[in-house]
Amino acid sequence: MVWGPQNSVQNKYSECILEMKDQNSGLLLNVFLRCYDDGFAFRYYMPDQNGPEEIIIESEESRFTLCGEYESWWIWADYNTYEKTYIHSGLDSTHHVAAPFTLRKENGTHICIHEAALVDYSSMTLLQAEENDHRFKVNLVPAADGMKVRTQTPFESPWRVFFLSDNAADLANSMLLYNLNEPCKIENTDWIKPVNYIGIWWEMHLGISDWAMTDRHGANTENMKRYIDFAAAHGIDAVLAEGWNKGWENWGEKDAFSFTEAYPDFKLKELAEYANEKGVYIIGHHETGGDIESYERQIDSAFALYQSLGIHHVKTGYAGPSPKGEHKHGQYMVNHYNLVMEKAAEYEISLDVHEPVMFSGLCRTYPNLMCGEGVRGMEWNAWSEGNMPSHTCIMPFTRGMAGPIDYTPGIFDIDLSYHKDERAKWNSLDQGNTAVHATLANQVALMVVLYSPMQMAADLPENYEGHKAFSFIENLPTTWDESIYLDAEIGEYIIVARRSGATWYVAAITNEKKRWISIQTDFLEEGKTYNCRMLMDKPLSHYEDNPEEYMILDMDAEKGDNVELKLAPGGGALLILEEK
Ligand code: NOJ
Ligand code: CA
């Protein structure tokens, strides 16, 4: 692995190929079927043949029948967004769901249905075939003309993937999606660097500063230097700057943004040199507003500019409608996202994609595709009723099955109400009572629970400065030798252990309920004593009325110990175990 939750992955399966011929037309169609220890998958392949030049897929008729009783965790299928609150229900209420779709059978078997290797095809949603018959049909996101896919032979569909496990923890442990994608196509991957980062970002979502060139413009040279200095002093690899480029005042218009011209108060070249001297990477930003025609026209010069300045990471965004009435999750946009991924690789740039099409494991083939949003992220806490603690206890088993998430955790200043002067309410969803629905210990734990090779500590430097808890985020690894989800119940709690070298990080989170958890340290090396540094909730911590109280404790630990911890409602804990 170039980066990942573990340093190598075993790819072991049996494969069967069914070769079929339509008796009337003579058309050839093959089905590949693969069985793994942790699931199975199939894909269609249409070989090159003397047939029609263009193939138009009007509908993919793959159907899956779920026998027995199930609970499921899902969001409504929407062809343009995944930023929704999860629903936990029986199958009778699931009419049309987005992938990944996660289920638990009455006997405890966990299933997640998703797709792998989404290339030149439309993305998959699942539609219950007839009301409550528990048969799900693949429903491809339509193009503007109602057709699903336009292609020619030879072509292959994405894999239809079924993750299977006996428990929730093993669902999240599966690397099946990587195995169903092609090996890395980038020859030299030395420039691909996983990073933890901070950025000029949360302050805009809080309404303290602006993306646009107003008297509160956030991305100015002085402010950026402040973030870079903080990063350099605290073991943070990179700094993101949003609102650095011209065009934010034209939001919603065609050709609104320039991706090569900085606002006059953001001295891009000077900042690139400054960051370089301090050993900090800059993360560039391309918000397209959905106008991909404009973006594609500028993409070469935009990436070339960043490359010439030594900038190797870019966050992209698609917060607005796609052109020509196309849906964000249809083939037209899938091809755009993949084009940007390939272009970025040419210019040695790694990507964090916001408003993406759902990931499908392509980051094995293009490890510069590092992470994406595709979920109701932290930003919703800044300007809406927000995300409840259970949200992050569901995420690794749903959106997380598709690949690394840029959730942007790590908020320390939890009660955001004092930011709510009228000017700060820039979003109509903001009722003036916004808060991060979590304890501070939960926010630190999420940095390890939610794996991403670009992991943001999202709060402002002034909220981290002088805070003991920040020492748990400093120098946090962004790629791991080993990761084991030890124990979990979807929507309830999660305990995960990750190893970097000889050091183990163990993180736990809970939903709205307080609970005792016990961490069995069987993963430690025999005969060694570890110093275990723990950041955890205090007895009276609570995500609603006492979120910022935490404690830090030290103790010795050895293999086989049973560490018992109490997590507050909406709480969490992070343990760092280092050999003594
Ligand atoms: C939505 C993205 O999710 C967010 O991170 C970004 O700040 C805004 N768009 C503006 O680009
Ligand atoms: Ca978003």
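Heads up: numbering here begins at 1 and tracks the sequence. Every number for a ligand or one of its atoms is a count from 1 in the order of the listing. Just so you know, these numbers come straight off a predicted model, no measurement behind them.
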So, H313 side chain and K193 main chain: donor-acceptor pair closer than 3.5 Å or not? yes
Pairs flagged by salt bridge (charged side-chain N to carboxylate O under 4.0 Å, His left out) wherever residues 294-312 is involved - sequence neighbours left out: D255-R297, D300-K343
Salt bridge (Lys or Arg N to Asp or Glu O under 4.0 Å) partner of R376, the single match among E355, E385, E83: E385
With a sphere of 6.0 Å drawn around CZ of F259, does it hold more than 12 non-hydrogen atoms of other residues, nucleotides or ligands? yes
Show me a pair-per-line table, with atom names and distances to 0.1 Å, of protein N or O atoms that are under 3.5 Å from an N or O of ligand 1.
unit_1   : atom_1 : unit_2 : atom_2 : d
ligand 1 : 3 (O)  : H354   : ND1    : 2.7
ligand 1 : 3 (O)  : E355   : OE2    : 3.0
ligand 1 : 3 (O)  : E373   : OE1    : 3.3
ligand 1 : 3 (O)  : E373   : OE2    : 2.9
ligand 1 : 3 (O)  : E379   : OE1    : 2.8
ligand 1 : 3 (O)  : E379   : OE2    : 3.3
ligand 1 : 5 (O)  : W201   : NE1    : 2.9
ligand 1 : 5 (O)  : K315   : NZ     : 2.7
ligand 1 : 5 (O)  : H354   : ND1    : 3.4
ligand 1 : 5 (O)  : E379   : OE1    : 3.2
ligand 1 : 7 (O)  : W201   : NE1    : 2.9
ligand 1 : 7 (O)  : H205   : NE2    : 2.9
ligand 1 : 7 (O)  : E242   : OE1    : 2.6
ligand 1 : 7 (O)  : E242   : OE2    : 3.3
ligand 1 : 9 (N)  : E287   : OE1    : 3.4
ligand 1 : 11 (O) : E287   : OE1    : 2.6

Lys/Arg N to Asp/Glu carboxylate O, D430 vs K425, below 4.0 Å: no
I'd like to know if K225 and E273 make a salt bridge, using a cut-off of under 4.0 Å between side-chain N and carboxylate O. no
Check whether any side-chain heavy atom of V353 lies under 4.5 Å from a side-chain heavy atom of M370, and answer yes or no. no
Please confirm whether the ring centroid of H312 lies under 6.0 Å from the ring centroid of F303. no
Could you tabulate the donor-acceptor pairs under 3.5 Å formed by side-chain atoms of residues 233-240, not counting sequence neighbours?
unit_1 : atom_1 : unit_2 : atom_2 : d
H234   : ND1    : E474   : OE2    : 2.6
D237   : OD2    : N196   : N      : 2.9

What count do you get for protein N/O/S atoms less than 3.0 Å from the Ca ion (ligand 2)? 5
